[in-house]
Amino acid sequence: MIRHILSRLLTVPITLLLVALVAFVILRLTGDPVEIYLDINATEEQRQLLTAKLHLDEPVLVQFGLFLGEVLRGDFGESLQFGGPAMPVVLERLGATLQLVAAALTLAVVLGVIGGIVAALRKDRFADFAISGLAVAGQSMPSFWLGILLIQLFALHLKWLPTSGTGGLEHLVLPTVTLATFLLPNFILITRTAVLETINELYVTTARAKGAGEAVVVLRHVLPNAINPVLSFLGLQTGRLMGGSIITEAIFAWPGVGSLMVKSIFQRDVPIVIAAIFVVAVAIVIANLIVDLLQSAVDPRIRLD
Amino acid sequence: MALLEVEGLRTVFPSQEGEVSAVEGASFSLSEGEVLGLVGESGSGKSVTAFSLMRLVQAPGRIAAGSVRFEGRDLLSLDEREMRKLRGRRMSMIFQEPLSSLNPVWTVGQQVMEPMLLHGGVTRREARERALAMLARVGIADAARRFNDYPHQLSGGLRQRVMIALALVCEPKLLIADEPTSALDVTIQAQILELLRDLQRELGMAILMITHDLGVVAEIADRVNVMYAGRIVESAPVETLFRAPAHPYSAGLLQSVPDMGEERERLPTIRGIVPRPGEMPPGCAFAPRCPYADAACTVAPPPVHTLTDDHAAACVRPLGAHG
């Protein structure tokens, strides 16, 4: 088990190095930083001074090395909009994003697993058609469109919930539902397939032959064996989830990393964008690590091999 | 009174040609403490019979007719809750593939404890102690250490021992063993059969031993029922069947067992295959493959001839009867 964790941890720095490389390339592709930092009336002397200060006159490899050094110190440069260092600005917004993502993920996983189990147990019956049908429909629905529809219905017409922003729990409802709907259909369909594959296993018959009732059969014998594909999918989808979070935050003016990122892209505030990409990448890496550990906790064949 | 009495059991599965019977009117009984072999080729309906007795036939299959009396109660009329109370406590089942019949995510100990915890009446601690004792009883040397192992860490023989332990931990009156040794090495097979025989005597339970292997029957059974195409075609004490089979199918089966002491050019086989459910001939199901069949055999399913008190065969002309 410990060896398994260590071997997993070993891949983390490699992943982050690759992220740094991509971020660096993007940074250089977005145009000459000097043009971004200085206004149009800057003198040639000012330009040269800034070029030297940003080490833009050094070879690219050296620049990348310096960039890596800065990244390791958490120094992503000065934000153009906020004036201060970029990283603290991003980290300040991280809490709101994590809150939204955690709420959406919990909703999607709980409803998805329950829905998938019910659909599988009622295969080819009405409940299965209803649940699977909704899942397929939900899968084909873009989340920005759903978000706007939800705002129309619940905020504008019924006036039950606020249109956007933060505050109490009521502000969390619509963005959570929007983001959860983004993942829920896949969780339903994957759980359904996994349960159907497991339910005909001989050990499920053994459980029944022991005198287990349906609840014990499903929860203790089927689910632990069916949950691994769901977890794998969860790991694979964290990237999509962060992407979905960016759109959702933008729709609902949710003050998280996503909406900050969108705003900064429009403002060409490159240090903030790079810092945000880094934070998102680290979050994805950590999420995958957690999924990995969860999987080996559920299935002894993974942790003991 | 018999421990188990099966009358006219008929289990059907839907198919494109309508419902077809995997078990067609099987009748047999099992006394307390008796070991009954149920022998037949693949597709003869013996496994479906076993699952029918436990009422664990996979949907969309279902029991369409007949009665199953166990300890005086009609199992087919019990509600599911009552039936659950019997499974694992009064009647248990073990299977051919010990790896796939054990849950890969739970330890051996947890799985052996489960029947006791499901049926209640014991604390976790007692269940744990009894499970440990049972694992030791089925011949697992270092039971305390194996207790926390997972099925994939054990050998095939050990896994089947674990399976036997969890089936017998509540000391049932009936064990249904569906080809329990077919997937094991020959040396391990003998050990498992011996273990089952010992436990059967010790616990005074009855065993329904389902197998295609007449060697297994000879080893362990008191009595044997031969099944063909969903029907019991012959019922006899083991010695009688081996000495004087009455049904031509039983005779064919016995002839196709290789004999170590004898050299033969070619092992006799029964030509043809078991007819598929839904393609049953109108008369005796074995008639198309039977060397003795004539016009009388193709008219109607043959009646059961009682040859002696404990020997019966479903054949128009049982072999013993005409010399």
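Chain A is the first sequence line, chain B the second, and so forth, proteins listed ahead of strands; every chain is numbered from 1. Here the structure is a predicted model, which means the values were calculated and not measured.
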For Met83(B), is it the side chain, the backbone, both, or neither that has a heavy atom closer than 4.5 Å to a heavy atom of chain A?
neither
Who wins among Gly211(A), Ala212(A), Ala207(A) for the most heavy-atom pairs under 4.5 Å with chain B?
Gly211(A)
Under 3.5 Å, is there a donor-acceptor pair between the Ser245(A) and Glu249(A) side chains?
yes
Would you call the rings of Phe187(A) and Phe233(A) parallel, tilted or perpendicular, taking 30° and 60° as the class edges?
perpendicular
Would you mind checking which part of Gln58(B) comes under 4.5 Å of any heavy atom in chain A, side chain (CB onward), backbone (N, CA, C, O), both or neither?
side chain
Examine whether an atom of Leu86(B) lies under 4.5 Å from a heavy atom of chain A, and if so say whether it belongs to the side chain, the backbone or both; otherwise answer neither.
neither
Polar contact flag, side-chain donor to acceptor under 3.5 angstrom, Glu41(B)-Ser44(B)
no
Could you have a look at Glu97(B), Glu114(B), Met93(B), Met54(B) and say which one has the most heavy-atom pairs with chain A under 4.5 angstrom?
Glu114(B)
For chain A, which candidate among Val169(B), Leu102(B), Leu99(B), Ile94(B) shows the most heavy-atom pairs at distances under 4.5 Å?
Leu102(B)
Answer yes or no: does atom CZ of Arg240(A) have more than 12 heavy-atom neighbours from other residues, nucleotides or ligands under 6.0 Å?
yes
Salt bridge or not between Asp79(B) and Arg81(B)? Use side-chain N to carboxylate O under 4.0 Å.
no
Shortest non-hydrogen contact between Ala180(A) and Leu107(A), atoms and distance:
CB-CD2, 3.7 Å
In terms of heavy-atom proximity below 4.5 Å to chain B, should Val216(A) be classed as side chain, backbone, both, or neither?
side chain
Side chain, backbone, both or neither: which part of Leu118(B) has a non-hydrogen atom closer than 4.5 Å to chain A?
side chain
